[in-house]
Amino acid sequence: GINSVQLYMEDVYQLPDEPFFGYARGAYAADELRRIDDAGHRLGIEVIPCIQTLGHLEQILQWPPYQEIADTSTVLLAEDERSYRLIEKMLDTVSSCFRTRTVHIGMDEADGVGLGRYRAIHGEKRPFDVLNTHLRKVTSFCKERGLRPMMWSDMYFRLGSATHTYYDQEAVTPPEVIRDIPAEVEMVYWDYYHSDAAFYEEWIDRHRAMGKEPLFAAGAWTWGRHWAALSHALATNTPGMQAARKKGLRHTFTTAWGD
């Protein structure tokens, strides 16, 4: 029943005229991405590019050519034309290399968004608003290319939490922020940690209260080791998938992170 695979790439794919993008990181050439897509297609598997368009970009922002488009050491500078030219190159590349019209634009764990260089340039602005403005821009780029975007949902919970955590049951996302989230963007609820199905059910309901039918992402507990920690994986995947089934979610996937 597995019908898709998401290929997670931060900077590990080559972009035209960006020699430091994926430098010394084994970046995929365009023809390699097409071969991966071809291999999936032969097996009836949709290969979905999973990239980053806000956070998790420390590997490129460390280099001098990109430091002017760094908000923080890991987060891209929002509302900057140089940032947007780079994102357009990302989307042009993946849209030309993969058959799918679905793209995962990331945006998870963008800690400090709007609070670094962005604030020095634009002044004080609510991080929720910086996030939504940036998301609307990236979504417009996707629509221009006929792409359907999805993103990790955690920032809409973290920014409403006093402890800046994803799973804070006291977190509040203001209604005007929810209204400004582009309708075209799907939200991925990732949760690798809970052993109680009721918690997963609550978080699915919270996504639906935002007007989004979430995709659920479980974790194979491969991070920090070279194998799956099966006891943790089963203790968390089982209630998570049970909750997803009970709530009638149509799409789930399991992540196998390599860090």
Side-chain angles (χ1 to χ4, degrees), residues 1-63 65-66 74 76 83-109 138-152 184-186 188 190 192 215-228 233 250-259:
I2 295 173
N3 58 14
S4 69
V5 61
Q6 297 203 15
L7 182 63
Y8 180 71
M9 304 178 291
E10 292 173 0
D11 64 322
V12 292
Y13 58 109
Q14 295 176 5
L15 294 184
D17 304 315
E18 303 287 346
F20 282 94
F21 199 88
Y23 175 73
R25 295 252 291 156
Y28 291 111
D31 67 305
E32 292 175 314
L33 294 178
R34 294 187 182 101
R35 284 159 53 197
I36 292 170
D37 189 56
D38 287 342
H41 183 68
R42 287 194 297 272
L43 296 169
I45 294 173
E46 178 186 22
V47 183
I48 298 171
C50 186
I51 62 174
Q52 289 290 354
T53 58
L54 184 60
H56 279 294
L57 290 174
E58 59 269 22
Q59 295 291 344
I60 66 161
L61 297 178
Q62 68 177 311
W63 300 112
Y66 298 104
T74 66
L76 197 65
S83 296
Y84 292 138
R85 283 195 296 270
L86 181 65
I87 291 171
E88 287 194 280
K89 283 187 182 182
M90 297 176 188
L91 295 172
D92 284 339
T93 296
V94 298
S95 64
S96 69
C97 292
F98 296 93
R99 289 173 174 82
T100 184
R101 293 296 87 195
T102 298
V103 61
H104 198 313
I105 57 174
M107 296 201 185
D108 60 309
E109 298 180 319
V138 176
T139 301
S140 73
F141 294 151
C142 291
K143 290 173 66 176
E144 289 169 6
R145 292 158 177 80
L147 297 171
R148 299 181 299 271
M150 67 174 70
M151 66 178 285
W152 309 108
E184 301 88 348
V185 179
E186 289 191 292
V188 181
W190 59 271
Y192 318 143
L215 295 81
F216 173 63
W221 279 80
T222 53
W223 48 92
R225 55 185 60 79
H226 295 296
W227 55 86
R250 294 183 62 243
H251 299 290
T252 66
F253 58 94
T254 300
T255 62
W257 300 107
D259 51 342

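In this text the structure is predicted, and so the values were computed from the model without any measurement.
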inquiry  = Within the structure provided, determine whether V103 and C142 are in side-chain contact (heavy-atom separation under 4.5 Å).
reply    = yes
query = Which value, rounded to the nearest 0.5 Å, describes the distance between T74 atom OG1 and Q52 atom CD?
reply = 10.0 Å
query = Just wondering, do K89 and D17 contact through their side chains at under 4.5 Å, heavy atoms?
reply = yes
inquiry  = I'd like to check L61 versus L76 (side-chain heavy atoms, cut-off strictly below 4.5 Å). Are they in contact?
reply    = yes
remark   = dist T252:OG1 -> R250:CZ (nearest 0.5 Å) comes out at 11.5 Å
query = Residues two or more places apart in sequence or in another chain: which of them pass ring-ring contact (aromatic ring centres under 6.0 Å, His included) with Y8?
reply = W257
message = Quick one, F253 with V188, criterion side chain to side chain contact (heavy atoms under 4.5 Å, CB included). Give me CA distance, side-chain angles, the key distance, then yes/no.
response = CA-CA 10 Å; F253 58 94; V188 181; 3.6 Å; yes
request  = Could you tell me which residues satisfy ring-ring contact (aromatic ring centres under 6.0 Å, His included) with Y13, sequence neighbours excluded, listed by chain and number?
outcome  = F21
ask   = Between T139 and P149, what is the shortest heavy-atom contact and its length?
value = CG2-CG, 4.3 Å
task = Look at the side chain of R85 and the backbone N and O of S83, then say whether any donor-acceptor pair between them is shorter than 3.5 Å.
result = no
message = Does any part of the side chain of P16, heavy atoms only, come nearer than 4.5 Å to the side chain of T93, both counted from C-beta?
response = yes
message = Tell me whether I2 at atom CD1 has more than 12 heavy atoms from other residues, nucleotides or ligands lying less than 6.0 Å away.
response = no
query = Which pairs with one or both residues in residues 38-47 pass side chain to side chain donor-acceptor pair (under 3.5 Å), sequence neighbours excluded?
reply = D38-R99, E46-T100
task = Mind jotting down which residue pairs meet the ring pair (Phe, Tyr, Trp, His ring centres under 6.0 Å) criterion with at least one end in residues 88-107? Sequence neighbours excluded, please.
result = H104-W152
message = With heavy-atom distances below 4.5 Å as the criterion, would you say the side chains of E186 and M151 are in contact?
response = no
query = Are any side-chain N or O atoms of T53 and backbone N or O atoms of I105, one a donor and one an acceptor, separated by less than 3.5 Å?
reply = yes
ask   = So, for C97 and L33, which heavy atoms are closest and what is the spacing to 0.1 Å?
value = CB-CB, 3.8 Å
remark   = Here the gap from E88 atom CD to L15 atom CG, rounded to the nearest 0.5 Å, amounts to 12.5 Å
ask   = So which heavy atom on A220 is nearest to which on A233, and how close?
value = O-CB, 3.8 Å
task = Hey, could you give me each pair passing side chain to side chain donor-acceptor pair (under 3.5 Å) that has a residue in residues 20-36? Not counting sequence neighbours.
result = D11-R25
Residues forming a side chain to side chain contact (heavy atoms under 4.5 Å, CB included) with R101, sequence neighbours excluded = S95, L147, R148
query = How far does CD1 of I36 sit from CG of L7, to the nearest 0.5 angstrom?
reply = 5.0 Å
message = Please determine whether side chain to side chain contact (heavy atoms under 4.5 Å, CB included) holds for the pair V138 and I87, giving the CA-CA distance in whole Å, both sets of side-chain angles, and the decisive distance to 0.1 Å.
response = CA-CA 8 Å; V138 176; I87 291 171; 4.0 Å; yes
ask   = Looking only at heavy atoms, what is the nearest atom pair of Q59 and W63, with distance?
value = O-NE1, 3.1 Å
request  = Hey, could you give me the CD1/CE distance between I51 and M107, rounded to the nearest 0.5 Å?
outcome  = 9.0 Å
request  = Answer with yes or no after comparing the ring centroid distance for F216 and W190 against a 6.0 Å cut-off, counting only values under it.
outcome  = no
Contact summary for L57 and E10, nearest pair of heavy atoms = CD2-O, 4.3 Å
Side chain to side chain, S4 and V47, heavy atoms closer than 4.5 Å = no
L86 and Y66, any side-chain heavy atoms less than 4.5 Å apart = yes
query = Going from CZ on F141 to CG on D92, what distance comes out if it is rounded to the nearest 0.5 angstrom?
reply = 10.0 Å
Closest non-hydrogen atom pair, M9 against P49 = CE-CB, 4.2 Å
Within-4.5 Å side-chain heavy-atom neighbours: D108 and H56 = yes
request  = Give the intermediate values and the outcome of side chain to side chain contact (heavy atoms under 4.5 Å, CB included) for residues V185 and M150.
outcome  = CA-CA 5 Å; V185 179; M150 67 174 70; 5.7 Å; no
